[in-house]
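Step one of this worksheet: look at the structure below.
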Amino acid sequence: MLKVYNTLTRNFDEFKTRENGKVYMYVCGVTPYDYPHIGHGRAAVVYDVIHRYLEYKGYEVFHISNFTDIDDKIIKRSNELGVYYKDLAEKYAAIYLENIDALNVKRLWKYPRATEEIDKIIEIVKSLEDKGYAYEISDGVYYEVRKFKEYGKLSHRSVEELRKGARIEVNPEKKDPLDFALWKKAKPGEPAWDSPWGKGRPGWHIECSAMSLKYLGNGFDIHGGGEDLIFPHHENEIAQSEAYTGEKPFVRYWLHNGMVVVNKEKMSKSLKNFFTMSELLKRYDGEVIRLYLITISYHKPLNFDMESLEQARKNYEYFNESKIKLNELANADKPGTEIEGGKIAAWKKSFEEAMDSDFNTANVLALLFEIFKFSNANIVSLSSGSAKKINALLKDIFSVLGFAKIGEKRETINLSFKEDLLKVIKNLKKNPELAEKLSKISLSEDAPEILKEIIDIRFEFRKQKRFDISDLMRDELKKIGVVLEDSKEGTKYKLVMTDEGK
RNA sequence: GGCGCCGUCGCCAAGAGGUAAGGCAAGGGUCUGCAAAACCCUCAUCGUCGGUUCGAGUCCGACCGGUGCCUCCA
């Protein structure tokens with residue numbers, strides 16, 4: 001039985017959907033005005049894992065995430081750069097999508113944009129005004145918080161407390177400092193849409209109510225986002241939506257992911273302590289970053305540091321290497337010990353129990369270590385059939401965690417790999433004993449063939465016990481990320497990431 | 001000031017009343033010409049002080065330290 005931590009009830013609630021077999025989920029997306037950082041990546045990955053597990057459980061998942069493509073920051077930025085606001089927003093929306101593609105986040109059902117849902121937004125604001133929940137003043141239409149009796153139920157605050165903490169008001173016409181803008185009247189030079197209140201644009205919170213209600217309907221299952229959105233964003237969404245529909249709940253389960261922090265401070269643009277996904281992806285494979293992001297419970301803060309990322313890289317390599325061995329065994333058609341069915345079943349059970357406990361990916365990772373420890377320790381005795389059985393389970397686990405490349409051999413690392421190899425050859429030619437042999441290699445061949453010839457030459461030296469030469473060759477290759485592994489069967493190579501790149 | 005969260009081995013991190021998962025690092029082995037990889041072994045009583053309980057990282061209280069939200073933010 002799946003249990004999820006619900007911010008509204010502050011409890012691990014049993015997950016029951018509105019409709020049988022279907023999950024409707026809305027996750028607050030980004031305001032695309034700059035490069036997305038790893039915190040945005042974490043949110044995307046977290047809800048992607050949740051999405052994937054729900055599908056594993058047999059649900060059909062209707063998952064959407066918005067782009068808030070009109071707001072103060074976008075207007076300010078586009079004015080600074082002298083570009084059209086929509087072009088700016090679409091540029092960064094595209095970068096965001098590219099980045100999370102690299103993290104192997106599934107594309108969602110829909111990515112609605114605020115500016116493309118103006119009709120629905122106006123309809124809701126108008127309705128709230130008609131029902132007496134909203135009022136118009138000189139600079140816009142505001143939601144009257146005191147009219148909504150349950151205001152504060154999500155963030156667990158009282159209106160009185162909030163009022164004490166409220167900042168000095170900009171517009172004295174507001175009835176209450178807590179009232180927030182549903183619709184902002186246009187200032188000169190700002191993008192604007194026609195409305196019953198003249199030219200203007202949506203306030204910050206209304207677009208999420210409009211898009212979620214439009215595409216998912218009232219009372220949908222999951223609403224997610226960063227925990228910094230609990231107040232005021234999600235609190236206001238509830239107030240708007242439940243007042244508008246006249247029904248509750250607007251959302252059945254409120255899920256919130258923890259922030260990424262750096263040196264214990266929240267990663268944010270204003271503190272300038274952020275790492276963009278684009279820069280991290282230059283140094284680390286997207287799946288390594290993904291693994292790093294799911295090593296800790298999704299609702300806890302994640303303290304970002306390179307050392308932990310490096311640890312994730314090692315763990316990823318271990319999974320990868322172990323899976324390759326298992327695949328080789330599975331394809332070998334080799335007789336051997338059969339794994340007890342009970343073992344597989346127990347692993348499957350602990351996988352599901354972990355995920356059922358509010359998506360405990362950390363425990364799933366521990367399980368993966370257990371499985372691979374077993375397969376590695378028994379790789380010589382196990383039958384191919386057993387390997388296939390283990391692989392079947394791993395396929396499910398990896399598909400839920402969102403790893404598509406574990407077990408693939410990396411054939412070439414990047415485009416400059418051949419250049420690197422030629423550099424190695426050049427360096428090795430400084431050794432007179434090697435020069436002649438290496439010059440026989442045809443440099444017009446592809447990188448894998450060249451590499452193979454180098455390894456063959458080294459093999460000859462090893463046979464003659466010329467370990468000085470073979471060690472020299474091994475060291476040179478290691479510098480470009482080629483690690484040689486000698487065994488009785490011959491020399492295998494694998495490609496690993498180096499500091500300079502993948 | 002209000003509402004929260006967190007403090008578990010050098011580091012990362014599960015566990016949430018029944019006697020401390022996992023990973024990285026470290027040390028010792030097996031294997032290897034040496035490595036690498038893999039495997040085996042070793043490695044914590046849970047911020048402090050009280051309380052509840054047969055039994056507490058796990059519940060309650062106080063305190064110490066850190067941090068989030070209350071303003072835009074995944």
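The chains referred to below are lettered A, B, ... by the order of the sequence lines, with proteins before strands, and numbering in each begins at 1. Computation of the quantities below employed the complete heavy-atom set of this structure, encompassing side-chain atoms and omitting hydrogens, waters and symmetry-equivalent molecules.
- Backbone-only engagement by A:K494 is indicated by non-hydrogen atom pairs under 4.0 Å involving sugar-phosphate atoms exclusively.
- Here A:L484 lies in heavy-atom contact (under 4.0 Å) with a base.
- Using a 4.0 Å heavy-atom criterion, one finds that A:S487 contacts no nucleic acid atom at all.
- At a threshold of 4.0 angstrom between heavy atoms, the contacts of A:R42 with the nucleic acid are absent.
- A:G39 comes within 4.0 angstrom of a base, heavy atoms only.
- For the pair A:L367 CG and B:A13 C1', the interatomic distance rounds to 16 Å; values are reported in whole Å.
- Residue contacts shown for A:S158 are absent, as no nucleic acid heavy atom lies under 4.0 Å away.
- Within the nucleic acid shown, A:G152 has no heavy atom closer than 4.0 Å to any nucleic acid atom.
- Which of B:A37, B:C3, B:A74 sits closest to the side chain of A:K325 comes down to B:A37.
- A:N66 places a side-chain N or O within donor-acceptor distance of the main-chain N or O of A:G29, the cut-off being under 3.5 Å.
- Applying the 5.5 angstrom centroid cut-off and the 30 degree plane-angle cut-off, the aromatic ring of A:F369 is not stacked upon the base of B:G23.
- Ion pairing between A:R462 and A:D471 fails under the 4.0 Å rule for side-chain N and carboxylate O.
- If you check every strand for non-hydrogen atoms under 4.0 Å, A:N360 touches sugar and phosphate atoms only.
- Using a 4.0 Å heavy-atom criterion, one finds that A:H256 contacts no nucleic acid atom at all.
- Salt bridge present: A:D34 and A:R77 bring a charged side-chain N and a carboxylate O closer than 4.0 Å.
- Judged by atom type and distance alone, A:E227 does not reach the base of B:G68 through any side-chain donor-acceptor pair under 3.5 Å.
- At a threshold of 4.0 angstrom between heavy atoms, the contacts of A:E485 include nucleobase atoms, whether or not backbone atoms are also involved.
- The heavy-atom pair separating A:L393 from A:I344 by the smallest distance is CD2-O, 4.2 Å.
- Among the protein residues, A:V27 comes within range of no part of the nucleic acid, since none of its heavy atoms lies under 4.0 Å from any strand.
- Within the nucleic acid shown, A:L162 comes within 4.0 Å of sugar-phosphate atoms alone, with no base atom in reach, counting heavy atoms only.
- At a threshold of 4.0 angstrom between heavy atoms, the contacts of A:R474 include nucleobase atoms, whether or not backbone atoms are also involved.
- Among the protein residues, A:K264 comes within range of the sugar-phosphate backbone only, with heavy atoms under 4.0 Å from sugar or phosphate atoms but none that close to a base.
- With rounding to whole Å, A:K300 atom NZ is found 19 Å from B:A74 atom C1'.
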